[in-house]
Structures are given as C-alpha cells and as structure tokens.
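Structure record follows, encoded as structure tokens.
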Amino acid sequence: MSTPADPAAHPAEASEARPAARPADPDDPLARERSHLSASRAALRAMRADVESLDIRDVTANWVNAEVLAHQIDERIKALADLSDTPLFFGRLDYLHAPGAEQAEGAGGERFYIGRRHVHDADGDPMVIDWRAPVSQPFYRASRKDPMDVGLRRRFGYTGGDLTAYEDEHLSDPAEPAEASGAPTAGKLLQQEIERPRVGPMRDIVATIQPEQDEIVRSGLGGTVCVQGGPGTGKTAVGLHRVAYLLYAHRERLARTGTLVIGPNKSFLHYIEQVLPALGELTVRQATVDDLVAHVEVRGTDDAPAAIVKGDARMAQVLRRAVYAHVTMPTEPVVVVRGSRRWRVPAYELEDLVRELLDRGIRYGAAREALPQRIAHAVLVQMERAGEAPDDRVQDAVARNAAVKAAVKAVWPAVDPAKLVLRLLTDADFLAAHAEGILTEEEQKTILWARPVRSVRSAKWSAADAVLIDEAADLVERTHSLGHVVLDEAQDLSPMQYRAVGRRCSTGSATVLGDLAQGTTPWATRTWEEALAHLGKSEGVVEELTAGFRVPTDVITYASRLLPHIAPGLTPVASVRENPGFFEILPTGADAAGDADVVAACEELLRNEGSIGLIAADARVPVLAQALTAAGLTYLAPGEETTAETRLTLVPASLAKGLEYDYVVLDEPQAVVDGEPDERTGLRRLYVALTRAVSGLIVTHKAALPPQLA
C-alpha cells in the first residue's frame, strides 16, 4: 500500500518532483554526501514509521476489507525496510538546464540522487529518486558523446554500508578529466562493483546497468523481448530488473494481472530470489515449468527418444484431435416436457448447433457449457412462435432439463485431461487413430508405455507427460493468463514446454532469456524465432548481449574454443573486465591422488575472498564428496546459501547452469562430456561449467582434455 504522499507509487510524479537541496559546505564533498545519506536514511525511517502508525479501524466496511488493507500495509512496511548492507543511493546526476528546457527534464544547478527506491522528506520532496524513474535514465545512458543534458554524473563507493568514495564524470565537457575521491582512481568504482566477490545469493546490478542492458530493461510492457546472451552478459539480471521496472511503470495493471519468473530448477530460483525484494518488489511469484504443469505427481522418467517425441509441437495436434473426437453428431431429437406441452428439437437442428460450436474453435469445456443454452434457446424460439412469452429464467430451466442434460452428455461428454493422456500413452489403437499423419508408427511406439496402467493415480508420470496433460487441460478450459512472464534459461525447453509457458502469458507479454550455446537437452532450442513461435509470440524482438561483465577474459576466451562445435553462428562473448582473472590447467595424479589434488586446489582457493564452486560430472560427485569430507572441508549443495564460514559448494555439472562463483575448480572436463547422451550435448554442458567463474578457474584433469579445447 502507498501512502498518499508517496511518489514511489506514481512514476510520473516522481520524475517531476523537486530535487534535493544542495548541501551548504563546499569544502568537503565526501562529508556532504555522507550527510545526505544519513538524512536520507532518517527520511526512510520516517516514511516507514508513518505507515506503521496508520489506524485503519474505522476505514473499512467489513473484516474482509480490513484483512486486505492490513496485508497491504504489512507489504508496504516490508518494502520500506532500510537494508544496512545495501546502499540507499549509488549515484548522482547534476543537470544543466531547468525543467521545461528542450534538452532534458533536469534542473539548472540542481541534482538528483539515484537509488534503489524513492525516499522523500517530511514535505514530500525527494531525497533519493528511484532508479526506474524517467529522470534517472541518463545515469545509465548518458555519455560524453550524448550527455543527455547531464553536466556531472557521480558514482559512489561503499564499504560495509558506509559511503567511502565517489567518482565524477563531467559529461558536458569532453576535455574535462574525471575526478575521484576516497582511493579509487577514475573509472574504477564501476569495475570494482562489477568484480566484487560473490558470497551468498545473486544480487542486483542496479548500480552497474549498462546502456545496452538498460534499453532492454526499460522496453515497454506491450512487447515480448527475447535476450540472447552468452555467459556473464547479465541476461538474468536484465530480466529481473525488467520485471522491477515494469512493476514501477505499470503497477496497477500488473497488480491485477500478475507477474511470474520461471527458472530451470529450484536451486536457480533460490539463488535469484533476493534480487527483486532488494529492489522493493515483494509480490513476484517464482516457479519452474514443472511447477506450472503439476496436475499429477511426477514419479517416472522418459528416455531421450520418448521425451523428444512428447516434447514435439506436433503432440498438440494429436491432443486436439483426441479431445474433440469425443464430440459425436446427434442422431435423435431432444424432447423437452414443460407442463402439458412437449417441445421437440430435431436432430438436424441439434447437429447445426454442434457444428457451429466446433467451427467457432472455443475451448472444449466452454462449448460444452454453451450447448445446453443453445438447445434451450431453440426451445424458447418455438415457445415464442406458439404465443408464449418465456424469459431468461425459463431458458435456464430448460437448459437444466433432464432431457437436455442427457443429450449434451451423449453428444459432448466431459473430458478428463489426465485420463485422456493416459489412454493415448497406453492404448495403441487410440493413439494411432489420432496421430495418423502426424506421428510415424515408430514415433508412436516410442511413447507408448510398455505396461498397462489401471488409473491416473497409479501411473508413473514423467515431466513430459505432465506437460501433455497441461496442454489437454488448456483445450478443455482456458489457462489463466498473467500480465508478464520472465522465462530464464529458455534454451532448454521443448516446444511443448514453450506452449505451456505461452499459455500463462497469452494476453500479456514475456521476457525470454537464454543462450543457444548452453542448450543441454536433446530438444534444445535451435533458433529463437522457433522458440517465440511456440511461445505464441512470433512478433517478439530478439536482442543480443555480447559484452561480458562476469566471466574474466582468459576464462571466456578458453571456453569460447567450444563455440564453433556447439553454436557456430553465435558471436563470442567479449569480456569488458579489466582484471583478466586467474586461469590454470592442472594435470592431477591417478586415482585417489588425483582426487587429493582436486581437494588441494579447493583449499588453495579458499585462501581468497569469495565463493568457490567445485563442478564435476554427476557421476564424480559422490567420490569428490568423500574426498572433501576426508580432508575436513565443509561444503554446500547447489542452492544452499554460502556464508563467510562455508564458501565451498559441490556442484553436479547438470545443476551448474545459471549459477556463479568467484572461483571454480572444474574436475575432469572429458567426464562432463561423457556424462551426456551425445558429444554435442556434452560439449555444451562443458561450456556451461567452464563459464561459472567470476574471478578465476582451475581445470583439473587426469584423463586427456577434450580435443575441442586444444
């Protein structure tokens, strides 16, 4: 809930609000900035206190409204929390011209502090401007070539929550050198923030968003955007910040329609779950595709050939045929008895009604609900011709008549999506009848279950089966659509999974994030145009991020040796980090000695600040777990939060996607490749594993390295 005076809930007002007054002391800029930070924190505490003091006892009409309002106030209080380790503002803009000038919205000689949320003083004047407000945009996009009416851009450096440095860029005068205070030299604060060690979950990048990223973040709600980005280009962060921006710019609309972030697995979602709350957004739901289609309990798995066929978009045609095959044309009339009168709707007229509903292409369940009303209307027409004057109540009564219900049940019976899919997967004749001309006989045999199953509950459904049930359920009843969906690591989705996601944003828009080179499923996406078509968003725009901010130059250069073999059409990522990073290839001893060398590499890296990920082929994880335990090293599983005491995570290669660590030890690259069903998929899995490091990478191996890395 927003207090009436809070511009944070009204973007237009925030952008036009008056800027903070200039501090008085001209001799100590750093002290003045610290003073403004203290005053801003005090103002934020006052904003929170105002909300906490709200008395709603006499405001609401009933207890339901009171509960809703109380919940909104609680959410507002949480959003106004002052996180001690999160800078309240990270930049400042000094504009050249007053409001109304042609050049910009800025004000002559006045300034705006840019931060993660809006903060105003007791008079409602802004002390910190939300990074999403229009007036904040030049902080990310202004340059010496196009200063956007900004005279000075200042970045702030923090240590443990304390403001310790600043760095200035004089954008209006290309000859003016940059100035800095507090140790870092000019241009270093941005690099330091980008290269800051990663401990704990993923953090926001609001202070370091680059112009090409900002353009995607601020793109409109109406269009779907697909972001192709190699490792370390910030595509996940861009997607999350886009959600935060859209919630700021279209809050009322998205509050009604909802937003959703979809990730590849629970570990990934846990890793990113703190980003949006840190930006003040607490209502965005997060889920996996499996969560969305959880109509049945998944207890089984498919082999790759079966999963590929089940994930093929052609299965949607098979399911549509199977669903609508339940409709049969009437051969008998419907006779409705009301009092002493009998009203007869002939079979040919019933057939016309059925064909009309089929031609309209509406959902199976909606048509089934409409049919009794259509039959009742036909009866009412006869009544009116006979001189009666029936009303809507009569039509409803006729629609509920036993004869009408019986006719609808015979012509348009109810369909249970799970039972339908079960029959397709267990009845060869039923599948053949509806897959004819769509699936080959061999493909049909591939997806048929070997053993009969008695019931839906006893079936060992696979993840791909659940997606088929979701498709069938949508044919029966329309899936609820959200206002905006962010789909991350999209390259691993099957066409049928894309369709499942597309149903969740059929009347909204989407942000699709992925990297074709990191596709590690047998059905991995070939082109983004195909993916957008399956998603139902063919009009979506594909953007490519090629500047790498996370992976060091030496590491990404080494990993890019695999690109010609896994994604020859993609542009290699070019790292913009000044620190080339630490990179070493370490041959190890045989058997247990080799495992000891891997443990020693981890121990060496633990002497540095930051998180360490030991990534290995899934089959090697138990062996390495024993070696780490024997050496007395405590380690975490993927998704568990690193702490200052426990900074080592043991990561199966199959779960490494989307995660990042300051330092990575990659064990046995060839074993990672061999752990996949084919070499291409294995090389893609290896590419993912190689690119999880932020500061340094050690590749350990007993066996020969894959020849593609030579």
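Small disclaimer: the values here were computed from a predicted structure and weren't measured.
Listed for the Ser560 side chain is a donor-acceptor partner under 3.5 Å among the backbone atoms of Ile556. Put simply, the side chain of Trp523 never gets that close to the backbone of Pro495: no donor and acceptor are under 3.5 Å apart. The backbone N or O of Thr691 sits less than 3.5 Å from a side-chain atom of Arg550, completing a donor-acceptor pair.
Heavy-atom neighbours of Glu477 CD from other residues, nucleotides or ligands within 6.0 Å: at or below the threshold of 12. For CZ of Arg526, the number of neighbouring non-hydrogen atoms (other residues, nucleotides, ligands) closer than 6.0 Å is 12 at most. Taking a 6.0 Å sphere around CD of Glu351, one finds it holds more than 12 heavy atoms contributed by other residues, nucleotides or ligands. The number of heavy atoms from other shown groups lying within 6.0 Å of CD (Glu441) does not exceed 12. No more than 12 heavy atoms of other residues, nucleotides or ligands shown are found within 6.0 angstrom of CZ on Arg478. Within 6.0 Å of the CZ atom in Arg299, the count of heavy atoms belonging to other residues, nucleotides or ligands exceeds 12.
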Residues 228-236 side chain polar contacts: donor-acceptor under 3.5 Å, at least two apart:
| unit_1 | atom_1 | unit_2 | atom_2 | d |
| --- | --- | --- | --- | --- |
| Gln228 | OE1 | Leu516 | N | 3.1 |
| Gln228 | OE1 | Trp528 | NE1 | 2.8 |
| Gln228 | NE2 | Asp515 | OD1 | 2.8 |
| Thr233 | OG1 | Gly230 | O | 2.7 |
| Lys235 | NZ | Gly229 | O | 2.9 |
| Lys235 | NZ | Gly230 | O | 3.4 |
| Thr236 | OG1 | Asp488 | OD2 | 2.6 |

Side-chain donor/acceptor pairs under 3.5 Å, residues 325-332, sequence neighbours excluded:
| unit_1 | atom_1 | unit_2 | atom_2 | d |
| --- | --- | --- | --- | --- |
| His326 | ND1 | Ala322 | O | 3.0 |
| His326 | ND1 | Val323 | O | 3.0 |
| Thr328 | OG1 | Ala410 | O | 3.3 |

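Nearest heavy atoms, Asp618 versus Pro652: OD1-CB, 3.5 Å.
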Yes or no on side-chain contact (heavy atoms from CB on, under 4.5 Å) for Met315 and Glu471, after CA distance, side-chain angles and deciding distance?
CA-CA 9 Å; Met315 287 300 300; Glu471 179 82 27; over 6 Å; no
Show your reasoning for whether side-chain contact (heavy atoms from CB on, under 4.5 Å) applies to Leu624 and Asp667.
CA-CA 9 Å; Leu624 293 175; Asp667 171 74; 3.8 Å; yes
For the pair Asp492 and Lys657, evaluate salt bridge (charged side-chain N to carboxylate O under 4.0 Å, His left out) and give the outcome as yes or no after the intermediate values.
CA-CA 11 Å; Asp492 279 332; Lys657 191 171 298 179; 2.2 Å; yes
Going through the distances and angles, do Glu215 and Gln213 end up as a side-chain hydrogen bond (donor to acceptor under 3.5 Å, both in side chains)?
CA-CA 5 Å; Glu215 187 173 348; Gln213 296 173 325; over 6 Å; no
Given salt bridge (charged side-chain N to carboxylate O under 4.0 Å, His left out), test Asp465 with Lys460 step by step and report yes or no.
CA-CA 9 Å; Asp465 297 333; Lys460 289 189 175 181; over 6 Å; no
Hey, mind stepping through Ser455 and Ser458 against side-chain hydrogen bond (donor to acceptor under 3.5 Å, both in side chains) and telling me if it holds?
CA-CA 5 Å; Ser455 68; Ser458 63; 3.1 Å; yes
Ser219 and Arg242: CA distance, side-chain angles, deciding distance, side-chain hydrogen bond (donor to acceptor under 3.5 Å, both in side chains) verdict
CA-CA 8 Å; Ser219 55; Arg242 176 160 158 73; 2.7 Å; yes
Working note: Arg374 + Glu356, criterion salt bridge (charged side-chain N to carboxylate O under 4.0 Å, His left out); need CA distance, chi angles, decisive distance, verdict.
CA-CA 10 Å; Arg374 298 296 180 89; Glu356 180 188 355; 3.4 Å; yes
Would Asp595 and Val623 count as a side-chain contact (heavy atoms from CB on, under 4.5 Å) if you check the C-alpha gap in whole Å, the side-chain angles of each, and the deciding distance to 0.1 Å?
CA-CA 8 Å; Asp595 299 336; Val623 176; 3.3 Å; yes
Could you please spell out the steps behind the side-chain contact (heavy atoms from CB on, under 4.5 Å) verdict for Ile447 and Leu439?
CA-CA 10 Å; Ile447 64 174; Leu439 301 181; 4.2 Å; yes
Does the salt bridge (charged side-chain N to carboxylate O under 4.0 Å, His left out) test come out yes or no for Glu676 and Arg684, once each step is laid out?
CA-CA 10 Å; Glu676 299 299 326; Arg684 287 184 169 185; over 6 Å; no
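Under the 4.5 Å side-chain criterion, counting only non-hydrogen atoms from C-beta, Leu545 is in contact with Val227. Looking at heavy atoms from C-beta onward, Val555 lies out of side-chain contact with Thr557 at the 4.5 angstrom threshold.
Here Leu562 contributes atom CG and Arg685 contributes atom CZ; the two are 14.0 Å apart, rounded to the nearest 0.5 Å.
Tyr364 and Trp412 have tilted rings, their planes meeting at an angle from 30° to 60° on a 0 to 90° scale.
Taking the six-membered ring for Trp and the full ring otherwise, His434 and Phe430 have centroids separated by under 6.0 Å.
A salt bridge between Arg680 and Asp678 is absent, with no side-chain N of the basic residue lying under 4.0 Å from a carboxylate O of the acidic one. Ion pair Arg457/Glu297 not flagged as a salt bridge, since none of the NZ, NE, NH1 or NH2 atoms sits closer than 4.0 Å to an Asp/Glu carboxylate oxygen.
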